[in-house]
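Sequence lines set the chain letters: A, B, ... in the order given, protein chains first and strands last, and positions in each chain run from 1.
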Amino acid sequence: MIKAIRGTRDLLPPDTALWNFVEKTVGEVFGAYNFQEIRTPIFEATELFARGVGEETDIVSKEMFTWEDRGRAQSEKNQLLTLRPENTAGVVRAYIEHNLQQRGLNKLYYIGPQFRRERPQKGRYRQFYQIGAEVIGPASSGSESPMRDAELLEMLATLLDRLGVTGWTLELNSIGCAADRARYNEALRQALDPVKDKMCGDCQRRAVTNPLRVFDCKVPEDQPIIEQLPRISEYLDEPCRQHFGQVKEILTSAGVPFTLNDRLVRGLDYYTRTAFEFTHGALGAQNAILGGGRYDGLSESLGGPPVPGIGFAIGEDRLVMSLGKTAEEVSRKPDVYIAPLGAGMNKEAIRLARELRRHNIVAELGDETFRLKKSLETGSKLGAKYALIVGENEVSTGVFALKNLATGEQKSVARNELAGAIRASQ
RNA sequence: GUGGGAGUAGCUCAACUGGCAGAGCACCGGACUGUGGCUCCGGUUGUUGCGGGUUCGAUUCCCGUCUCCCACCCCA
């Protein structure tokens with residue numbers, strides 16, 4: 001048997017109803033903040049991610065699905081292509097390519113699959129889905145304003161509430177601009193140098209390669225040492241400090257609760273200033289529902305104009321897991337099960353189904369070879385509200401038997417009143 | 001990439017130290033020709049993840065492999 005390959009999975013009904021519920025709500029909520037959808041290709045030039053996400057990140061250095069194109073044209077020959085591991089680089093590439101800066105401030109969102117070659121576990125798949133949004137534009141359009149950071153975070157809080165996700169936590173930090181991080185990295189290295197020998201193996205490696213990651217360490221023995229390390233908040237320059245201060249102020253006045261976490265660092269190279277994560281307890285070790293932050297230098301590093309931006313990505317698989325609702329609650333059941341009774345009734349039944357469906361009634365259609373008993377049973381199992389009996393008596397008189405499958409009550413309804421009778425109960 | 005656990009019917013799970021693969025639920029048919037949910041009877045439940053090995057005999061023991069789950073790394 002051919003099976004879905006490692007780290008990929010089929011989403012089947014009724015679960016797909018949950019995904020549709022999430023995506024529909026996302027469209028409504030983001031739409032209210034004047035975000036518009038963008039769709040970028042599923043694969044891009046490998047170079048885009050190497051330059052955008054960062055050559056040294058785990059994503060680029062060991063998790064990408066990359067292959068060499070076999071095109072014969074000179075322009076395609078030996079071109080390295082990669083299934084997108086995230087979508088921000090693609091959005092910024094499209095922004096640059098189509099000169100979207102001419103449109104002022106862009107507020108874009110996307111929903112789609114991403115690919116990373118990691119070992120699968122709870123909340124982690126090789127093909128996974130992200131819902132993301134980006135606010136990007138020239139500084140004169142207000143893209144750099146702390147208002148954008150706060151608005152984005154407030155929108156996320158609203159979305160989670162609308163979806164019925166309870167018990168989330170917003171963790172907030174500022175990781176400063178590039179110069180701040182360079183000074184901070186240096187300070188961390190110096191602070192770690194005398195103590196790193198007492199730390200775990202991972203930390204000893206991080207202390208040299210990427211000191212910021214030391215803060216991810218979960219080894220209990222290392223925590224007292226980590227507590228003593230200098231904090232990024234002490235290394236922010238004045239503009240960054242003020243920017244972060246305003247983000248916090250606006251957020252507070254908007255009534256969005258948050259927790260400061262100066263150990264929160266983002267893993268992709270392009271992040272600057274505001275960094276955040278929404279976490280949820282029901283997710284196991286992969287407890288981040290979504291993460292994001294500012295990326296004021298990303299466009300330039302991809303050869304584009306200097307356009308500040310901020311964005312986030314939601315792990316849709318994880319979001320669906322943390323949903324309080326069940327698939328049953330968000331599924332639409334048939335309003336009516338149409339039961340043709342006896343030879344020749346199929347033709348009548350499909351005409352009735354067509355009329356009712358045009359009234360936005362969900363109708364399931366039986367078959368004339370079914371006995372009435374089987375039809376009623378089938379309708380019940382499907383969760384239909386009514387059974388509509390289509391027999392010779394009904395067709396000849398134009399008055400149909402409409403049975404409420406929950407109560408057993410049955411009444412006679414004229415053909416032109418059927419839609420009204422069925423919809424009355426919706 | 002590393003470590004641990006698990007794979008038996010559509011689902012949840014049994015099967016002593018190696019001895020005829022089972023139960024519940026679900027599904028299909030009948031009792032019951034135009035009125036369901038209850039009851040009774042009957043039926044399929046199946047390459048025991050896959051491939052090898054040991055054995056008279058393997059779901060069971062051994063080796064390999066695949067997948068899933070949990071954790072690490074890292075991220076959403």
Name the nucleic acid region contacted by A:Q410, choosing base, sugar-phosphate or nothing; use a 4.0 angstrom heavy-atom cut-off, strictly under.
base
Looking at A:K122, I'd like to know whether one of its side-chain N or O atoms comes within less than 4.0 Å of OP1 or OP2 on B:C70.
yes
Students often get this wrong, so: under 4.0 angstrom with heavy atoms, is A:I389 touching a base, only sugar-phosphate, or nothing?
base
Below 4.5 Å, heavy atoms only, C-beta onward: do A:R6 and A:R119 meet side chain to side chain?
yes
How many Å lie between OH on A:Y270 and C1' on B:C75, as a whole number?
11 Å
Matching residue for A:D317 among A:R9, A:Q127, A:K122, A:Q130 - test: side chain to side chain donor-acceptor pair (under 3.5 Å):
A:R9
Would a 4.5 Å heavy-atom cut-off, applied to side chains only, mark A:T82 and A:E44 as touching?
no
Roughly how many Å apart are B:G51 and B:A58, using the C1' atom of each and rounding to a whole number?
15 Å
Extract the stems that RNA chain B is part of, considering only consecutive pairing runs of at least three Watson-Crick or G-U wobble pairs, both distances under 3.5 Å.
B:1-7 with B:66-72, B:10-13 with B:22-25, B:27-31 with B:39-43, B:49-53 with B:61-65
OP1, OP2 of B:C75 versus side-chain N and O of A:R213: anything below 4.0 Å?
yes
Ring geometry between A:F278 and A:W168 (parallel below 30°, tilted from 30 to 60°, perpendicular above 60°):
tilted
Say you pick atom C1' in B:A71 and the same atom in B:C25; how far apart are they, in whole Å?
33 Å
Return the value, rounded to whole Å, for the distance between atom CD1 of A:I314 and atom P of B:A76.
13 Å
Rounded to whole angstrom, note down the C1' distance from B:G53 over to B:U60.
15 Å
Starting from P on B:U35, measure out to CG on A:L341 and report it in whole angstrom.
9 Å
Touch check for A:G292, heavy atoms < 4.0 angstrom, all strands: base, sugar-phosphate only, or nothing?
nothing
Say we look at B:G52 and B:G5: how far apart would their C1' atoms be, to the nearest angstrom?
24 Å
Mind checking the P distance from B:A6 to B:C62? Whole angstroms is fine.
12 Å
At under 4.0 Å between heavy atoms, what does A:G342 touch on the DNA or RNA strands: base, sugar-phosphate, or nothing?
nothing
Select base, sugar-phosphate, or nothing to describe what A:G291 touches, counting heavy atoms under 4.0 Å on all strands.
sugar-phosphate
Nearest-Å distance for atom pair CZ/C1', residues A:R124 and B:C70:
12 Å
Is the closest side-chain heavy-atom distance between A:E68 and A:Q79 below 4.5 Å?
no
So do the side chains of A:I226 and A:R263 get within less than 4.5 Å of each other, counting heavy atoms only?
yes
Base, sugar-phosphate alone, or nothing: which one does A:R9 contact when heavy atoms must sit under 4.0 Å apart?
nothing
Does A:E392 reach a base, just sugar-phosphate, or nothing at all? Heavy atoms under 4.0 Å.
base
Sorted by position of nearest nucleotide on RNA chain B, 5' first, the leading residue of A:A288 and A:E409 is A:E409
Which is true for A:I131 with a 4.0 Å heavy-atom rule: it touches a base, it touches only sugar-phosphate, or it touches nothing?
nothing
Okay, side chain of A:E417, backbone of A:G420: is any donor-acceptor separation there less than 3.5 Å?
no
Whole angstroms only, please: what is the CZ-P distance between A:F400 and B:G34?
19 Å
Can you tell me if A:Q121 touches the phosphate of B:C69, counting only side-chain N or O atoms and a distance under 4.0 Å to OP1 or OP2?
no
Residue pair A:T88 / A:Y270, side-chain heavy-atom distance below 4.5 Å:
yes
For the pair A:T252 (side chain) and A:K248 (backbone), establish whether a donor and an acceptor sit closer than 3.5 Å, ignoring hydrogens and angles.
yes
Would you classify A:D202 as touching base, sugar-phosphate or nothing, given that sugar-phosphate means primed atoms plus P, OP1 and OP2, and contacts are heavy atoms under 4.0 Å?
sugar-phosphate
Report yes if some heavy atom in the side chain of A:Y271 is under 4.5 Å from a heavy atom in the side chain of A:I175; otherwise report no.
yes
Take atom C1' in B:C27 and the same atom in B:C63, then report the distance between them in whole Å.
39 Å
When the C1' atoms of B:U8 and B:G24 are compared, how many Å lie between them, rounded to an integer?
15 Å
Can you confirm whether the side chains of A:Y109 and A:E134 place a donor and an acceptor under 3.5 Å from each other?
no
Taken to the nearest whole Å, CG/A:D15 to P/B:C11 is 14 Å
For residues A:R294 and A:R148, determine if any side-chain heavy atom of one lies less than 4.5 Å from a side-chain heavy atom of the other.
yes
If you look at every strand shown and take non-hydrogen atoms under 4.0 Å, does A:N404 touch a base, only sugar-phosphate, or nothing?
base
Just call it for A:L372: base, sugar-phosphate, or nothing, with non-hydrogen atoms closer than 4.0 Å on any strand.
base
Could you give the CD1-to-P distance, from A:I338 to B:U35, as a whole number of Å?
20 Å
Length of the CD-C1' vector between A:E277 and B:C75, whole Å
9 Å
Under 4.5 Å between any side-chain heavy atoms of A:F400 and A:I338, yes or no?
no
Sort me out a list of protein N/O and nucleotides 26-30 of chain B N/O pairs below 3.5 Å, or just none if empty.
from  : atom 1 : to     : atom 2 : distance (Å)
B:G29 : OP1    : A:K374 : NZ     : 3.2

So does A:K373 reach the base of B:U35 with its side chain, donor to acceptor, closer than 3.5 Å?
no
Below 4.0 Å: OP1/OP2 of B:C66 and any side-chain N or O of A:R6:
no
Residue whose closest nucleotide on RNA chain B lies nearer the 5' end, A:G408 versus A:R119
A:R119
B:U48 versus B:A21 - spacing of their P atoms, nearest Å:
10 Å
Choosing from B:G37, B:G1, B:C69, which nucleotide comes nearest the side chain of A:E377?
B:G37
Quick one: label A:G201 by what it contacts on the DNA or RNA (base, sugar-phosphate, nothing), any heavy atom closer than 4.0 Å.
nothing
